[in-house]
Amino acid sequence: MTDKLKPLREQIDAIDAQILDLLNRRAKVAQEVGHVKAETMAPVFRPEREAQVLRGVAERNPGPMGNHEVQTIFREIMSACRALEKRVTVAFLGPSGTFSEQAVYQQFGSAVEGLPCASIDEVFRATEAGTADFGVVPVENSSEGAINRTLDLMLQTSLIISGEVSIAVHHSLMTKTGNMDGVQTICAHSQALAQCQVWLNLNYPNIERRAVASNAEAARMAGDDATIAAIASEMAGEQYKLGVVKGHIQDDPHNRTRFAIVGHLQTNPSGKDQTSIVLAVPNKAGAVYQLLAPLAKHGVSMTRFESRPARVGTWEYYFYVDIEGHVHNDAVAKALAELQDNAAFFKVLGSYPVSLS
């Protein structure tokens, strides 16, 4: 066996040496790019460029490695090269171990400075103030719908959406001991409690449920108190040394959460983009239909439509709309110009590359 493995290992060692040489050659070119960017005051992180690279490697990938694995490797390469120019700071809903933090690394790679925040409001404040270069905030969940606080803040903020990332959300029930002996309370974010409601009703209907600021906060609490069980990611459980009572307890096995990347950066077209807008209409019959007619007229597809109370009058609403394409695309630009003319309120939240996942 050893005789058969030796030449194969020698091949791997030789290939690894070539990979190392190529990685450092790439890093040197990235440093030159950084010098050019510094001279022109161009941003370090260009989500549209990175999306193009990741799509490109998937299109050219001959296997046997899967596209997801190849893209993960290249995302980390770009993250490490980007850090040679500047280490980007990204705010997220903390503490460490949340799905929001997972979304940070899935979008930016691991060579970033994470800034955990106590609330979604604080993520916006830190990014607006420049304490963080970008913020990552949850927008919607496939089971529970829109994250209303994020939508409300997007209406008010000066920040722009410059990217999105979608992650699979798998919830685990965890305790300090790995069992439910003596547990009096199950803690999690309100969204997680809702996403696991059916399972909890079947298995622990008589145990109190308490909503807390985040799932990671619930994991921290469970790590300090054996009478508390937490619903959180296994990453959070590992961080706070919890034992898994039961994994994958979410009611929807395909449960996903979509996150927005917010900051001051306006992206250029990447070739596969989405634009988010928010609208309000005059309070009259047929107003919404008439308002959205320019999308059909110019052949622009709408992928999401969400309403939120305007809170300024009776039965008045803001409408959050996602459409295919970038604001620099001719058809999208014409449709948005007509929408703006007809709307009582109009705001472009951002144009950005569509999530790869």
Side-chain angles (χ1 to χ4, degrees), residues 15-16 18-34 37 42-93 96-116 127 132-139 161-170 233-235 256-263 265 267-274 350-357:
I15 293 169
D16 285 348
Q18 294 176 45
I19 292 172
L20 181 61
D21 178 61
L22 290 171
L23 285 173
N24 281 297
R25 285 169 59 186
R26 189 191 194 285
K28 288 178 181 178
V29 175
Q31 285 180 315
E32 293 179 20
V33 170
K37 286 183 177 179
V44 171
F45 176 59
R46 296 297 328 193
E48 69 274 22
R49 168 59 180 161
E50 296 197 3
Q52 289 168 343
V53 171
L54 293 174
R55 289 183 201 136
V57 297
E59 290 168 1
R60 295 190 299 273
N61 178 30
M65 291 184 69
N67 286 342
H68 174 73
E69 289 71 24
V70 169
Q71 288 176 328
T72 298
I73 292 168
F74 271 81
R75 182 179 291 109
E76 288 299 330
I77 291 172
M78 290 189 292
S79 182
C81 290
R82 191 192 322 121
L84 293 173
E85 301 177 51
K86 177 182 181 291
R87 206 170 183 91
V88 174
T89 299
V90 185
F92 63 92
L93 178 63
S96 183
T98 59
F99 289 108
S100 293
E101 183 181 32
Q102 184 179 328
V104 169
Y105 297 129
Q106 187 163 316
Q107 174 70 18
F108 292 89
S110 58
V112 295
E113 293 292 340
L115 179 63
T127 311
D133 299 296
F134 295 94
V136 172
V137 290
V139 175
I161 301 176
S162 57
E164 66 168 359
V165 57
S166 174
I167 66 170
V169 175
H170 298 145
S233 67
E234 292 192 12
M235 182 176 74
R256 300 186 72 84
T257 295
R258 175 181 169 228
F259 295 82
I261 315 303
V262 296
L265 176 66
T267 66
N268 294 318
S270 72
K272 191 174 182 181
D273 302 288
Q274 179 168 271
S351 283
Y352 47 91
V354 173
S355 175
L356 296 171
S357 54

If the plane angle is over 60° it's perpendicular, under 30° parallel, otherwise tilted; pick one for F45 and F108.
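The rings of F45 and F108 sit tilted, inter-plane angle from 30° to 60°.
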Kindly compute the distance separating [atom1] ([X]) from [atom2] ([Y]), expressed to the nearest 0.5 Å.
X	Y	atom1	atom2	result
S355	Q274	OG	CD	9.5 Å
T98	L93	OG1	CG	5.5 Å
N268	S162	CG	OG	12.0 Å

Surrounding [atom1] of [X] (heavy atoms of other residues, nucleotides or ligands, distance under 6.0 Å), is the total greater than 12?
X	atom1	value
R87	CZ	yes
K28	NZ	no
K272	NZ	no

What are the two closest heavy atoms between T127 and G263, and how far apart are they?
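Taking every non-hydrogen atom into account, CG2-CA, 3.9 Å.
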Please report the closest heavy-atom contact between Q71 and A58, naming both atoms and the distance.
NE2-CB, 3.5 Å
Less than 4.5 Å apart, any side-chain heavy atom of [X] and any of [Y]?
X	Y	value
S351	D273	no
V139	E164	no
Q18	D21	no
D133	E113	no
T72	H68	yes
F99	S233	yes
C81	V33	no
V112	R82	yes

Do any N or O atoms from the side chain of [X] and from the backbone of [Y] form a donor-acceptor pair under 3.5 angstrom?
X	Y	answer
K37	V44	yes
E48	T267	no
Q106	S166	yes

Does the side chain of E101 pick up a donor-acceptor pair with the side chain of S96 at under 3.5 Å?
yes
